[in-house]
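Notes follow the structure.
Numbers for residues simply follow the sequence, beginning at 1.
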Amino acid sequence: MSAVLFDFSGTLFRIESTESWLRAVLAEHELGLPEAEFAASARALEVAGALPGGASPQRLPEELAAVWAIRDESAELHRAAYTGLARQVPLPDPALYDALYERHMAPAAWAPYPDAVEVLGALRERGISVGVVSNIGWDLRPVFRAHGLDAYVDAYVLSYEHGIQKPDPRLFKVACDALAVAPQDVLMVGDDRRADGGAADLGCAVHFVDHLPVSERPDGLRPVLDLAG
């Protein structure tokens, strides 16, 4: 392989828990909730699918269905989709919905998988280019910089910057072109069989990892080193 493309959320990084997310924003706003109410609110936000990078909605409100389908095509759509889901859950201050959305973009809300640096560093040593291809509505580059992974990434291809979202093969082609490699010489690594599997339509090889908490997937990326050759 000449290059490896990685998905972001659930592949190289994992978002914090819904409880941590909500607790951080409440603390920032100097708001408290009784523990039982806090637990119920966190659970309701998780069921709603309000945390980007977290669980999918268990029930998608009809009024959000259209924006949800194309949420990763622009920053505005992404924010509207996720704040819309969050607003299905009563919270003590209306300002919290936008604050929750802002929190999920903070580097502190994300943790790299334990083997991410090792694998990216090994690819760099072998002269294999690395790209990040993500369905997302915001600039994730600061997350990579804050966690020391930016030095290993040669190109970022983010759906909202191109108005195209995976599994559309055109987004993977943008990444291949950015790295000046042929799709047949590229491995795409992701956790979503539908979205990331779109790379196969372009001719890329595809490898899937499990979207698990960081503590439960210590070495899920290491097989990439064997596959990349």
Side-chain angles (χ1 to χ4, degrees), residues 1-15 49 52-57 60 65 68-74 77-78 81 110 112-113 115-116 118-138 140-141 143-144 149 152-212 214 216-217 219-229:
M1 295 294 174
S2 300
V4 179
L5 304 178
F6 290 93
D7 172 53
F8 166 54
S9 175
T11 300
L12 289 175
F13 283 82
R14 171 77 183 222
I15 190 69
S56 297
L60 186 62
W68 179 257
I70 55 171
R71 64 191 180 281
D72 297 310
E73 293 184 6
S74 77
L77 290 168
H78 194 267
W110 294 89
Y113 281 94
D115 55 347
E118 171 195 339
V119 170
L120 293 178
L123 292 173
R124 174 56 55 91
E125 288 177 4
R126 296 180 189 181
I128 297 173
S129 299
V130 168
V132 172
V133 184
S134 177
N135 276 355
I136 199 164
W138 50 277
L140 51 70
R141 295 173 184 87
V143 176
F144 279 76
L149 271 66
Y152 304 109
V153 179
D154 300 292
Y156 294 93
V157 178
L158 312 182
S159 60
Y160 84 103
E161 293 182 338
H162 299 276
I164 306 167
Q165 61 187 33
K166 299 181 289 187
D168 193 322
R170 291 178 296 168
L171 197 64
F172 301 104
K173 186 175 188 307
V174 171
C176 291
D177 291 347
L179 297 174
V181 292
Q184 293 75 18
D185 298 324
V186 173
L187 174 66
M188 174 66 204
V189 182
D191 67 296
D192 188 320
R193 280 166 168 71
R194 178 179 176 274
D196 299 311
D201 293 334
L202 191 64
C204 301
V206 181
H207 175 68
F208 297 107
V209 295
D210 295 322
H211 188 155
L212 294 171
V214 165
E216 296 177 24
R217 210 194 77 193
D219 54 6
L221 291 168
R222 286 185 185 147
V224 171
L225 297 179
D226 294 326
L227 293 168

*Check against side chain to side chain contact (heavy atoms under 4.5 Å, CB included), Leu221 and Leu12*: CA-CA 8 Å; Leu221 291 168; Leu12 289 175; 3.9 Å; yes
For the residue pair [X] and [Y], establish whether any side-chain heavy-atom pair is separated by less than 4.5 Å.
{"X": "His78", "Y": "Tyr160", "result": "no"}
{"X": "Tyr152", "Y": "Phe144", "result": "no"}
{"X": "His207", "Y": "Leu187", "result": "yes"}
{"X": "Leu158", "Y": "Arg141", "result": "yes"}
{"X": "Leu171", "Y": "Ser159", "result": "yes"}
{"X": "Pro183", "Y": "Pro169", "result": "no"}
{"X": "Asp154", "Y": "Arg124", "result": "yes"}
{"X": "Val224", "Y": "Phe6", "result": "yes"}

[atom2] on [Y] to [atom1] on [X], rounded to 0.5 Å:
{"X": "Met188", "Y": "Asp196", "atom1": "CE", "atom2": "CG", "value": "4.0 Å"}
{"X": "Ser129", "Y": "Leu5", "atom1": "OG", "atom2": "CG", "value": "9.5 Å"}
{"X": "Gln165", "Y": "Arg170", "atom1": "CD", "atom2": "CZ", "value": "10.5 Å"}
{"X": "Ser9", "Y": "Asp191", "atom1": "OG", "atom2": "CG", "value": "6.5 Å"}
{"X": "Asp192", "Y": "Asn135", "atom1": "CG", "atom2": "CG", "value": "8.0 Å"}
{"X": "Leu225", "Y": "Ile128", "atom1": "CG", "atom2": "CD1", "value": "8.0 Å"}

_Main-chain N/O of Asp210 paired to Arg217 side chain as donor or acceptor, under 3.5 Å_ =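 Yes; judged by distance alone, with no hydrogens or angles, the pair exists.
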Considering all heavy atoms of both residues, which atom of [X] and which atom of [Y] are nearest to each other, and what is their separation?
{"X": "Ala175", "Y": "Val133", "result": "CB-CG2, 3.6 Å"}
{"X": "Val181", "Y": "Ser2", "result": "CG1-CB, 3.8 Å"}
{"X": "Leu227", "Y": "Met1", "result": "O-CG, 4.0 Å"}
{"X": "Trp68", "Y": "Ala81", "result": "CE3-CB, 4.1 Å"}
{"X": "Asp168", "Y": "Phe172", "result": "O-CD1, 3.6 Å"}
{"X": "Gly10", "Y": "Val209", "result": "O-CG2, 3.9 Å"}

*Quick one: list whatever passes side-chain contact (heavy atoms from CB on, under 4.5 Å) with Arg222, sequence neighbours left out.*
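Expected list: Asp115, Glu118, Val119, Asp219.
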_With Phe8, the ring pair (Phe, Tyr, Trp, His ring centres under 6.0 Å) member among Tyr156, Phe13, Tyr113_ =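 Between Phe8 and the candidates, ring pair (Phe, Tyr, Trp, His ring centres under 6.0 Å) is satisfied uniquely by Phe13.
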_Salt bridge flag under 4.0 Å for residues Asp7 and Lys166_ = yes
